[in-house]
J.: 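One structure coming up, written as structure tokens, with questions to follow.
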Amino acid sequence: MAAAARQRGAGRIQIVEPHTARRDAALRLAADAAAVDSAGLDLPHGAEIIVEASGHPSAITDALDRIAVRRT
């Protein structure tokens, strides 16, 4: 997914992947940063786009909590 996002013009791509081999592959292919859990991400203002692909309930909740909130 990170490689597809990069091909489509995504800016900074950060991923969460608990498995070392998959995390390393994401960094080689397209990700700018990778963390074992979302606490390791650099998201001071939240993320503009989040793709949650595990389907794990706690990951979904965490993803929703990290979406950037824009106020007008």
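What you see below is based on every heavy atom in this structure, not just the backbone, and it leaves out hydrogens, waters and symmetry mates. FYI, the numbering just counts along the sequence from 1.
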J.: Rounded to the nearest 0.5 Å, how far apart are CZ of R22 and CG of L27?
T.: 14.0 Å
J.: Report whether I13 and V51 are members of the same hydrophobic cluster (ILVMFWY, side-chain heavy atoms less than 4.5 Å apart, transitive linking).
T.: no
J.: With sequence neighbours left out, which residue pairs that include part of residues 25-45 fulfil the salt bridge (Lys or Arg N to Asp or Glu O under 4.0 Å) condition?
T.: R6-D32
J.: Looking only at heavy atoms, which two atoms of S54 and A59 are closest? And how far apart?
T.: OG-CB, 3.6 Å
J.: Less than 4.5 Å apart, any side-chain heavy atom of V16 and any of L41?
T.: yes
J.: Is a side-chain donor or acceptor of H19 paired with a backbone partner of A21 at a separation under 3.5 angstrom?
T.: no
J.: As an exercise, state the distance from OG1 of T61 to CZ of R66, rounded to the nearest 0.5 Å.
T.: 12.0 Å
J.: Count the heavy atoms of every other residue, nucleotide or ligand shown that sit under 6.0 Å from CG of L64, and state whether that count exceeds 12.
T.: yes
J.: Where is the tightest heavy-atom contact between R23 and E17, given as atom of each residue plus distance?
T.: NH1-O, 2.7 Å
J.: After noting the C-alpha distance and the side-chain angles of H56 and S58, does the key distance pass the side chain to side chain donor-acceptor pair (under 3.5 Å) rule?
T.: CA-CA 6 Å; H56 194 279; S58 66; 2.8 Å; yes
J.: Quick one: does any side-chain atom of E52 pair with a main-chain N or O of G55 as donor and acceptor, under 3.5 Å?
T.: yes
J.: Give me the atom names and distance for the closest heavy-atom approach of I50 to A63.
T.: CD1-O, 3.0 Å
